[in-house]
Amino acid sequence: MLNLKDLCSGLPLDPMPPNRGRDPSMPHAPVRTPILTPEEERLALRNSLRYFPPTHHNHLASEFAQELRQYGHIYMYRFCPPVHMRAYPIDQYPCRTPQAASIMLMIMNNLDPAVAQFPQELVTYGGNGQVFSNWAQFRLVMYYLSEMTEEQTLVMYSGHPAGLFPSLPSSPRAIITNGMVIPNYSSREQYEKMFALGVSMYGQMTAGSYCYIGPQGIVHGTMLTVLNAGRRYLGSDDLRGRVLVTSGLGGMSGAQAKAAVIAGCVGVIAEVDATPLRKRHEQGWLMEVTSDIEHCIRRIREAKRSKTPLSLGYHGNVVDLWERLLKEYEMTDELLVDLGSDQTSLHNPFSGGYYPVQLSFQQANQLMATDPAHFKTMVHESLCRQVAAINKLSEAGMFFWDYGNAFLLEAQRAGAAVQKEGGGATEFRYPSYVQHIMGDIFSLGFGPFRWVCTSGDSRDLALTDDIAATVLEEISANVTERVQQQYNDNIRWIREAGKHSMAPVVISRDHHDVSGTDSPFRETSNVYDGSAFCADMAVQNFVGDAFRGATWVSLHNGGGVGWGEVINGGFGLLLDGSEEAAKRASLMLNWDVSNGVARRCWSGNSNAYETIQRTMKEQRQLRVTMPFPVQDEHVLDRALQG
């Protein structure tokens, strides 16, 4: 096994490591189908060989060509390091600045097999959320970070390290962009080709920005969503005996089971892949697992009647589960589900993000590689069946929402009945969770931040939890009732997280937040002034964080809803206890939130208007252009008729 010093020594070329290929004990990404011409295959191979001296080209060319044809991408498995991949305490990394060490720690955490979905393909979550495009990039990045001083910045182009460039101590130590493609060419088909060529990459939201911390990073936001769904749809945040049915137990969706129990309800989560289901059960995120759909129905009924919090993983297709729940309702007139959603990776529907009910898991993986067109047809048929069952259960009284995974968008493209009569471009028969649940919370300035204890010591996590909760309690004593509820929810999260086997994890946030993401079918789906498809907010967020003190910043095409559908920005900020770090944190975090609240205010959101007014009183240097809403609609009628 390599040690950290050897890992950071650059590409091992003399001698080269043996090619061990894929590790059969690990889960692996589905085969990609980029459909390259012979000339494009040559280009992909030529591009991959650029990382190596010509003396190695003859040896590596055939090996890389085989990977391209067998897996649809050149991952360079030979250079996957034989190291215990995990986040080591920050003081163990061989480097010249702790800022670089913090980035190294987060990269290795993203690729930890206990965290990553497909570690050897460098996929952290979502089926195709890449940390890097290949293992040569990983090796070079770790080398550059070990050599970096506080007067250099690492520049990253879609997984490719362009190099270390001179900068200022106040500059970010890394600037990351992923998938920045000219808009007219940002299609799903073009992406598959560009990724195979090794020139672009889908970084999801926090995979390619190195800020993913496992499902625990989204449990916070998922718990808030479930609680507020109860308040809006069921009239109560007492969710005992209430049933949430959804799907997905992967990198992000895996949070649903834990969030349901913390919120106090019965969470039933379907998952077709036994590997993540088994992982969540072994980690304690799932209380029970069954592949028997009748047992599943019995346990729902029992837990509902006893009002016992439960997370139940159903090993099977969610379409079967929805149809069985509908059948139960039609036979007994008993509606067993109160709340419904979906977290399959429908941003990636035809390459392993969604498995059609007509096929087994193994059959689907084979068909998507051998006959992509037929597989696409079956996905569409399955989505139509799923929506049909959901529609009937909704008519009976269940409340369903889209969880920002492109479920309704892809269902509409499949021809399912999800249209909203008279709805706008971002509206469907069911709301997104931002439109009905989290949008107003974003407008109040609240969102899912996260922090990482770089010591790896659980005592530090307990201490920082206590500090955070105490500060929030002090702030919440002098706010409005609506705002206080959000503080209380966050305090509840902090206090409860430690009781639910949450692992110890540089401050960051999900890109899904107040101002980090422009996503018309998710984060900005409740923006109705026509700017939902504009991405100024996310780009300004990225730029503004960079010169206000972030340790690293990232800007991505795609994330959540998919490639070409989203622009999102994120950051990482190392807090070392110094006055300089405190200044950076105050300046950057205030901007990171106020940017989004100001945009939402200008779009007409009343919560954002009140929040930014209050913030301007507290921060005298903040001056925001405020809107004057049209108060008399007849003014518009007369002008347009005239």
Side-chain angles (χ1 to χ4, degrees), residues 211 213 216-228 230-231 237-239 255 258-259 261-264 437-454 458-500 502-510 512-516 549 571-575 577 581-597 600 607-608 610-619 622:
C211 290
I213 57 171
Q216 62 179 338
I218 201 64
V219 173
H220 178 199
T222 308
M223 185 207 72
L224 293 178
T225 300
V226 175
L227 279 177
N228 284 286
R231 290 168 182 151
D237 57 9
D238 182 358
L239 298 182
K258 184 68 73 176
V261 173
I262 295 175
I437 303 169
M438 292 295 286
D440 283 347
I441 295 173
F442 289 164
S443 298
L444 290 168
F446 290 86
F449 279 73
R450 59 186 60 157
W451 60 90
V452 177
C453 295
T454 57
S458 59
R459 292 172 296 182
D460 288 343
L461 180 62
L463 178 61
T464 54
D465 277 357
D466 188 59
I467 292 170
T470 300
V471 170
L472 292 179
E473 286 166 349
E474 292 171 357
I475 296 172
S476 66
N478 298 296
V479 296
T480 64
E481 184 178 347
R482 178 72 190 277
V483 174
Q484 188 174 55
Q485 183 183 71
Q486 300 309 317
Y487 277 114
N488 290 341
D489 285 349
N490 282 278
I491 293 166
R492 174 178 175 177
W493 153 250
I494 293 169
R495 298 296 191 203
E496 287 291 320
K499 302 175 185 177
H500 288 267
M502 307 296 289
V505 281
V506 147
I507 190 167
S508 182
R509 57 159 168 73
D510 200 331
H512 143 76
D513 191 58
V514 180
S515 65
F571 73 88
L573 175 62
L574 179 65
L575 301 178
K583 183 179 178 181
R584 287 175 179 236
S586 177
L587 193 61
M588 198 215 76
L589 294 175
N590 274 300
W591 154 255
D592 195 77
V593 176
S594 294
N595 171 42
V597 178
R600 294 169 191 276
N607 286 325
E610 294 170 8
T611 300
I612 207 69
Q613 286 275 40
R614 185 174 65 252
T615 307
M616 284 193 288
K617 291 178 182 178
E618 297 168 355
Q619 300 177 20
L622 177 65

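Note that the numbering runs from 1 along the sequence shown for the chain.
- Without hydrogens or angle criteria, D466 side chain to A462 main chain gives no donor-acceptor distance under 3.5 Å.
- Annotation for R600 and S443: closest pair CD-OG, 3.7 Å, computed over non-hydrogen atoms.
- Under a 3.5 Å cut-off, the side chain of N228 and the backbone N or O of L224 do form a donor-acceptor pair.
- Contact of the S508 side chain with the V452 side chain is not registered, since no non-hydrogen atoms from C-beta on lie closer than 4.5 Å.
- The structure places CZ of R584 at 7.5 Å from CG of L573, a figure rounded to the nearest 0.5 Å.
- Atom CD1 in I491 sits 12.5 Å away from atom CG in D465 (nearest 0.5 Å).
- For the pair S476 (side chain) and E473 (backbone), a donor-acceptor distance under 3.5 Å is present.
- Q484 places no side-chain N or O within donor-acceptor distance of the main-chain N or O of V479, the cut-off being under 3.5 Å.
- Looking at heavy atoms from C-beta onward, F571 lies in side-chain contact with L589 at the 4.5 angstrom threshold.
- Shortest non-hydrogen contact noted between M616 and L622 is CG-O, 3.5 Å.
- Contact record, V593 with V514: O-CG1, 3.6 Å, taken as the closest heavy-atom pair.
- Each of V483, I612, L444 was compared with N607 under the side-chain contact (heavy atoms from CB on, under 4.5 Å) criterion, and only L444 meets it.
- Scanning for salt bridge (charged side-chain N to carboxylate O under 4.0 Å, His left out) contacts around D237 gives R231, with sequence neighbours left out.
- With rounding to the nearest 0.5 angstrom, the NZ atom of K258 is 13.0 Å from the OG1 atom of T222.
- Between V597 and T615 the shortest side-chain heavy-atom distance does not fall below 4.5 Å.
- With rounding to the nearest 0.5 Å, the separation of CG in L239 from CD1 in I262 is 13.0 Å.
- Listed by chain and number, the residues in a side-chain contact (heavy atoms from CB on, under 4.5 Å) with T464 are W451, C453, L461 (sequence neighbours excluded).
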